Amino acid sequence: MSEYVFLYRGSERPTSPQDAQQIMQKWMNWMKELSEKGHMKDRGQPLEPIGKVVGRNKTVTDGPFAEVKDVVGGYTLIEARDLDEAAELSKGCPVFERNGFVEVRPVMKF
Amino acid sequence: MDHVDSLFRHESGRIVAVLTRIFGVHNLALAEDVVQDAFCHALEVWPFRGMPDNPSAWLMATAKNRAIDVLRRERTARTFAPELGRFFDSEWTLVPTVEQQFAPHTIKDDLLRMMFSCCHPRLKEEAQVALMLNILCGFSVREVAGAFVASHAAIEKRIGRAKQVLARSQRLFDLTNAKELDARLPAVHRAIYLLFNEGYHGASDESPVRAELCGEAMRLCALLREHPQAATPASFALSALLCLHAARLPARLDEKGDLQTLFDQDRAQWDHGLVAEGQHLLEQAATGSELTEFHVEAAIAWVHATARCTEETNWKAIVSLYDQLMAIRPSPVVALNRAIAVAQRDGPEHGLAEIRQIADRDRLAAYPFYEAAQGELELRCGHHHSAREHFQTALTLARNPSERRFFEQRVSECGNGGASIKR
């Protein structure tokens, strides 16, 4: 098994309380499923949408680091057989239903 | 009911109620934005850190912090609640004032205050109900439209206009004004009653939505009972009525999703816990001298709920209760129900005679069960041809698929000689 990071990017706001409820439920279910199938290494953390970029010449500027709508909202550390399986696992993420996407990156081994 | 399923909806109502108190009712939209921000924040955090031990408190605290930010940022650009506004000018008083408004014991009153505010006399009853569903129960425009089987645009307009009326009313309802509270309480009762009926008899065929509406009406009515001045015998009677009707909900549809009349329902499926609760509430309602329509309707529901079957129902008592109801709040629908009870007591031809004597029965023309009731009674008299005609008319008036299936079945039963009808 190898380790991979899911970076969650972009996601639309809920349209109603019921909508928020459903999104939350989907996230909880998905996270639970990853754990139960033994893929979850670390649930990870949410990231604030703000920050600073320190440029090549060490000048400090406020974010954004990407398009605002594609900013990383959080990360999770998972275990999978290979990159293909990791990518396949990410497809269950509720972020896709909110017009977001997942970046899957292998953790370097050596 | 499981509160996790409705956590966000219910918290939305609670938080908006608190925030409009702080921001002022004219800033209702701002309050709704803050709620949405709090929900977004929960969606960002909870998936990674798990559900907090007390999700309600978490959402409330998040909303409170956002509210403090908003007050700081916009205190020069906006006016907030007139009675609190001056406390927001200074950092010394801003945070303590907001903290105070978020204290648990004040939140309950905030919900009640908002409920009374939604029943503004300048709003029609259906607008009051839509507003309560949207603000207090956290239903979106789409969900309210689904419940009323109305177009999204129509409900959006209705809620939008109602919110304008509310925002222009300057102040939220004053619960400490005993005279005004007494005066508006009947409107609040009507709105809760309509909300429940929308769930119970409503035109929507989506049963989960409908059961939820009934649950919301019961929740709002329970809030009335917890406030010393709103806990009138009428409030208890209404609560009793809702409990006793809700007790029959599990049996209203059979396993195929077909509508079952009171006569055909499997009474073992009734919720006997709710029957007991309804009975207890009805006893508590029996104080004072006021006899409201809710008392009488609850008593009727109680007679049904405690009878083992149609034959063992005390129809004599039911007819006399309907007589009382006609005296308090006469309507053609009440008269129709009375006629059906008379048919049970004295026989179908007497019931039909009563129906023909309903004063303003032309107002029932679009009501499918007016035709269906006549169909049933004609059938019991052995008049298959006439029964069939009534059921066919009822079929053209059906408001949802389960009503349609129900009348179709009746029409076909008339065709084969009504062999399966025995009552």
Side-chain angles (χ1 to χ4, degrees), chain A residues 5-36 39-51 63 68-78 89-90 92-102, chain B residues 1-17 31-52 55-56 58-59 62-63 133-147 152 155-156 159 206 208-209 212-213 216:
Chain A
V5 174
F6 286 172
L7 298 170
Y8 307 106
R9 289 182 181 273
S11 192
E12 284 164 358
R13 289 164 72 88
T15 55
S16 71
Q18 199 57 28
D19 190 34
Q21 185 89 48
Q22 281 164 3
I23 303 168
M24 187 65 81
Q25 200 55 55
K26 282 173 186 164
W27 269 102
M28 294 306 182
N29 293 347
W30 185 62
M31 289 283 199
K32 189 161 161 255
E33 202 189 317
L34 283 178
S35 300
E36 282 171 357
H39 293 293
M40 184 74 84
K41 183 85 179 170
D42 184 339
R43 266 179 110 109
Q45 291 292 344
L47 298 179
E48 290 286 352
I50 53 153
V68 176
K69 64 176 175 48
D70 295 338
V71 84
V72 177
Y75 67 88
T76 301
L77 188 62
I78 67 129
L89 286 171
S90 80
C93 180
V95 83
F96 292 108
E97 293 170 42
R98 325 291 310 168
N99 211 11
F101 60 100
V102 182
Chain B
M1 274 209 294
D2 45 325
H3 84 283
V4 173
D5 273 356
S6 40
L7 172 76
F8 283 80
R9 278 203 303 100
H10 287 176
E11 287 313 313
S12 167
R14 275 154 50 91
I15 301 171
V16 170
E32 291 176 320
D33 286 346
V34 169
V35 173
Q36 228 217 356
D37 282 347
F39 287 175
C40 277
H41 194 45
L43 283 172
E44 286 160 3
V45 175
W46 296 4
F48 302 98
R49 310 232 168 109
M51 285 271 275
S56 307
W58 193 101
L59 289 169
T62 305
L133 277 175
N134 181 240
I135 297 180
L136 281 173
C137 309
F139 282 102
S140 66
V141 168
R142 190 177 56 80
E143 288 153 359
V144 176
H152 189 279
I155 293 295
E156 193 164 42
I159 292 178
E206 281 180 63
V209 176
E212 256 184 285
L213 293 188
E216 290 300 322

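Here is how names work: the chains are called A, B, and so on, in the same order as the sequence lines, proteins then strands, and each is numbered from 1. It should be emphasised that the depicted structure is a prediction, and the values quoted were computed from it without experimental measurement.
Chosen from A:P14, A:G73, A:P49, the residue pairing most often with chain B at heavy-atom distances under 4.5 Å is A:P14. No other option in A:S16, A:S11, A:P46 has as many heavy-atom pairs under 4.5 Å with chain B as A:P46.
Proximity to chain B (any heavy atom under 4.5 Å) is restricted, for A:M31, to the side chain, taken from C-beta onward. In this structure, the portion of A:Y8 lying under 4.5 Å from any heavy atom of chain B is its side chain and not its backbone.
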Donor-acceptor pairs are to be reported for all side-chain atoms of residues 40-48 of chain B against protein atoms at under 3.5 Å, with residues two or more places apart or in another chain.
| unit_1 | atom_1 | unit_2 | atom_2 | d |
| --- | --- | --- | --- | --- |
| B:H41 | ND1 | B:E44 | OE1 | 3.4 |

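Between A:R98 and A:D19 there is a salt bridge, with a side-chain nitrogen of the basic residue lying less than 4.0 Å from a carboxylate oxygen of the acidic one.
Annotation for B:A63 and B:I15: closest pair CB-CG2, 3.5 Å, computed over non-hydrogen atoms.
B:E11 places no side-chain N or O within 3.5 Å of a backbone atom of B:F8 that could act as its donor or acceptor partner.
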